[in-house]
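Okay, structure first, notes after.
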Amino acid sequence: MIESGLVYQLQRAVTEILETNLNHQVQPNEVLVNVTSKNFEGDYTIVIFPYVKALRMSPADIGERLGKALQEKLDYIVSFNLVKGFLNVEISDKEWQSQLNTIFKAKDTFGKHTSTGKKVMVEFSSPNTNKPLHLGHIRNILLGWSMSQILEEAGNEVVKTQIVNDRGIAVCKSMMAWSNYGNGETPTSSGIKGDHFVGKYYVIFNQKLKEEYTNWQQSADAKAVFEEKGKEGQSEVDFFNHYKNDYFNIHSTIGKETKEMLIKWEDNDKGVKDLWHKMNSWVYEGFEQTYKDLEVHFDKLYYESDTYLLGKEVVEQGLSSSLFYKEPDGSIWVDLEDVGLDKKLILRSDGTSVYITQDIGTAQMRHADFKMDSMVYVVGNEQDYHFKALFETLKKLGEPYASDLFHLSYGMVDLPTGKMKSREGTVVDADDLVKEVIDEARSAAKENGSLDDIPVNEQEEIFKRIGLAALKYFMIKINPKKRMTFDPKESVDMQGQTGPYIQNAYVRIASILRKASSLEKVDYSTYKSIEEAEKNLIIDILDYPYIILDSAKNYDPSSVANYAYNVAKDFHRFYHDVRILTAETDEAKAFRLTLIESVSAILERSMNLLGIQMPSRM
RNA sequence: GGCUCCGUAGCUCAACUGGAUAGAGUACCUGACUACGGAUCAGGAGGUUGAAGGUUCGAACCCUUCCGGAGUCACCA
């Protein structure tokens, strides 16, 4: 695709000239071609500084020779000028028309990348089954989903997956609380969505634990612990704040019960397993609804309950190839110091596996299932170190996909009031948030009354698309690596650089095209005076395949989000600068109608990659 | 303390991975079409890119040191 584009033609022409005229070799994609900055004459700019040293000529000399040769070689270059080491070339109006023709004829195949033949697995979301999804999951889900779409657009086959953390002590806490205090209540009987229902019992558990802990602190037992383990000069209050985990593990009655429940679960105790199945199924119903509301889905689910014992064979394999080693206490380790990391535990001294063991096992299982060439893990940046260690270990083990693993690490989502903390109830719930943004879209639309003439169910669909666009765009436009502040007020903004702004451009075009009824098939090749605003839009569209490639290469959906905004912005300006339906000539009208139809297609495709649907009205 | 990431306009973010005079949005001020949809457009003001050195024709980006913030250094997941 790229190979047929205007920019590539320039790059290739430059390499050919450099080679034949100046005997200097470069690869076409190394030639730096930018859109000319608006303070200078020209359309595209070739940066010639890189050749100065090798050719031992002045930038002016190289530029002059390059410019002349380019003009001879490519008949659509009408002029060129040289500013310092920058060669600006101007493209003919005829060529712009021909470019638009190509774009328009290609329709949805424009910018499609040829298949890379590679299969990529993307893991995202991966929630625990003891509480509902929150704001942090939303960032994860939106990143994972958009990244999957973009990788596909870049020519890969993509398998979307998640690992459901459906077992462990946290899950047992909810189960414990429900069996002690639930009195047979169910999501149906209480009218509470399943995941919220189970989450409620997780909260109850923590309340009960806290009560128990507070009471215990008055006991002689507690005083003795403080005497023995408290640091010099540490207050009792401070000590007990930090002792919480130990209390749960050593002294707590309900802690003990919960741990016993986990052991029973591992022993396949029927009563515990039945309870576990029942409560997890409630949670899954709830998750299913949230995913549906967010318009995402998965191709394959993995469950931790199936994978938590995996990876032990690997340990044998690693030991026999002396990749791993055994400590006297029986624990097994891998030494990653040669790649700048530490020694990492692979198997506990009691023979049970740890997180990384499971991840190795899961990766192997996935490869057996799908034979993927690479994997992307969408996981928060607090696990940066873990994934480095995991990837290095997989490399050492010689796994076939190990050279192509990526941790799409993203920053935490903060609230303007600070960090989200479940204990302090400052967590933003995913379902609440979705509902809120849709409400906001509804009231904005009701205010300007533009949708009053269509059926209510269609209105609701549009409100949903607008609200979700605001939320999704707000979160995806930020570079994943950055820690972000989530201001609920800003997330429902619909003016400026927002999802609805981009939708508005699309809706305007749809409205014009409806009025134009039939795209009159006037031949616009006689349209001579291409406007600046028109040219900008064509340049934007031509940029699409590069943006996709760039976004896929850098694992960064935000570049697609920013691109879509730029296109919409250029369209809005164009819309004010020129008239479309009442254009000066029939040629101009036909040209512009063709142009905006192409713009609307590219807007829709870009936004769909981000998981955002376009409304036809708003 | 070691390692990793981050620091750009009052605020939220860009900057084609080393390219021209660092751009948008928001908030503030001033304007625009008797309309192809005002969820729009134009203008103004707002910057020593955390600081200081260095490399380079050229640095927000690379190197060094320092300052500030976060994460991580569990036989937790």
Side-chain angles (χ1 to χ4, degrees), chain A residues 32-37 39-40 45 47 49-50 52-53 58-59 83-86 88 128 165 168-170 245 304 308 327 329-333 340-342 345-356 358-359 380-386 388 409 411-412 414 416 419 441 444-445 447-448 450 466 470 474 477-479 481-487 490 493-505 507-516 543 546-547 550 553-554 558-559 562-563 565-566 569 571-583 592-593 596 617-618:
Chain A
L32 207 49
V33 176
N34 298 334
V35 174
T36 301
S37 152
N39 307 310
F40 300 92
T45 298
V47 184
F49 280 115
V52 170
K53 207 171 253 174
S58 75
V83 183
K84 292 193 273 179
F86 300 95
N88 304 317
N128 297 321
N165 300 302
I169 198 76
N245 271 341
E304 200 202 341
Y308 82 108
E327 284 287 331
D329 66 359
S331 60
I332 294 169
W333 299 73
L341 304 176
D342 292 324
L345 179 80
I346 296 290
L347 205 65
R348 293 192 190 102
S349 51
D350 64 4
T352 57
S353 58
V354 289
Y355 190 29
I356 195 166
Q358 290 177 40
D359 272 357
N381 64 7
E382 67 272 14
Q383 293 194 33
D384 283 355
Y385 187 82
H386 168 77
K388 266 188 201 159
S409 157
M412 189 175 289
D414 285 321
K419 225 170 166 174
E447 206 170 301
N448 67 31
S450 61
I466 298 171
F474 181 75
K477 76 173 181 194
I478 296 170
N479 185 315
K481 272 196 302 198
K482 285 198 169 173
R483 192 186 178 101
M484 73 177 283
T485 310
F486 184 87
D487 188 334
E490 279 177 36
D493 266 354
M494 307 200 175
Q495 268 137 28
Q497 191 182 357
T498 65
Y501 172 95
I502 300 167
Q503 289 179 320
N504 186 235
V507 166
R508 275 183 150 174
I509 294 173
S511 169
I512 296 169
L513 291 176
R514 269 196 299 271
K515 290 196 173 113
D543 209 18
Y546 291 94
I547 297 290
D550 192 62
K553 195 182 83 196
N554 295 319
S558 70
S559 50
N562 286 305
Y563 168 78
Y565 171 70
N566 280 329
K569 189 177 162 64
F571 167 76
H572 280 306
R573 182 200 276 260
F574 159 86
Y575 173 88
H576 274 261
D577 283 2
V578 305
R579 314 210 44 93
I580 301 163
L581 290 173
T582 53
R592 287 171 193 162
L593 285 172
I596 64 171
R617 293 183 48 172
M618 66 192 284

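Just so we're clear, the structure is a prediction, and the values are computed from it rather than from any experiment.
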Checklist entry - Are side-chain heavy atoms of T36(A) and F86(A) found at a separation under 4.5 Å? => result no
Checklist outcome for this item: The Watson-Crick or G-U wobble partner of A70(B), with both key distances under 3.5 Å, is U4(B)
Checklist entry - In the strands shown, is C11(B) matched to any nucleotide by a Watson-Crick or G-U wobble pair with both distances under 3.5 Å, and which? => result G25(B)
Give me the distance, rounded to whole Å, that separates [N] from [M] when you measure between the [atom1] atoms they each carry.
N	M	atom1	result
A32(B)	A70(B)	P	49 Å
G43(B)	G7(B)	P	29 Å
A22(B)	G44(B)	P	15 Å
C6(B)	C61(B)	C1'	14 Å
C62(B)	C76(B)	C1'	39 Å
A9(B)	A27(B)	C1'	12 Å
A42(B)	G25(B)	C1'	16 Å
A52(B)	C67(B)	C1'	11 Å

Checklist entry - With a 3.5 Å cut-off and just heavy-atom distances, do the side chain of H576(A) and the base of U40(B) make a donor-acceptor pair? => result yes
Next on the checklist: What I want to check is whether an N or O donor and acceptor connect the side chain of D493(A) with the base of U26(B) at under 3.5 Å.
Outcome noted: no
Next on the checklist: Considering every strand and a 4.0 Å limit on heavy-atom distances, what is the contact class for D577(A): base, sugar-phosphate, or nothing?
Outcome noted: nothing
Item to check | Nucleotide nearest T582(A) when distance is taken to its side chain, options C36(B), A39(B), A77(B) | outcome: C36(B)
Checklist entry - Closest to the Y565(A) side chain: A77(B), A39(B), A24(B)? => result A24(B)
Report yes if a side-chain nitrogen or oxygen of [X] is closer than 4.0 Å to either non-bridging phosphate oxygen (OP1 or OP2) of [N]; otherwise report no.
X	N	answer
R508(A)	A35(B)	no
K569(A)	G25(B)	yes
S511(A)	G37(B)	yes
R579(A)	C36(B)	yes
R573(A)	A32(B)	no
Y501(A)	C41(B)	yes
Y575(A)	G38(B)	yes

Quick test: give all pairs of protein nitrogen or oxygen and nucleotides 19-22 of chain B nitrogen or oxygen below 3.5 Å, distance rounded to 0.1 Å.
from, atom 1, to, atom 2, distance (Å)
A20(B), N6, T45(A), OG1, 2.5
A20(B), N6, N88(A), OD1, 3.0
A20(B), N1, N88(A), OD1, 3.3

Next on the checklist: I'd like to know if the side chain of S353(A) reaches the main chain of Y308(A), judged simply by a donor and an acceptor atom lying under 3.5 Å from each other, with no hydrogens or angles considered.
Outcome noted: yes
What does the list of N/O pairs under 3.5 Å between the protein and nucleotides 8-12 of chain B look like, with a distance for each?
none

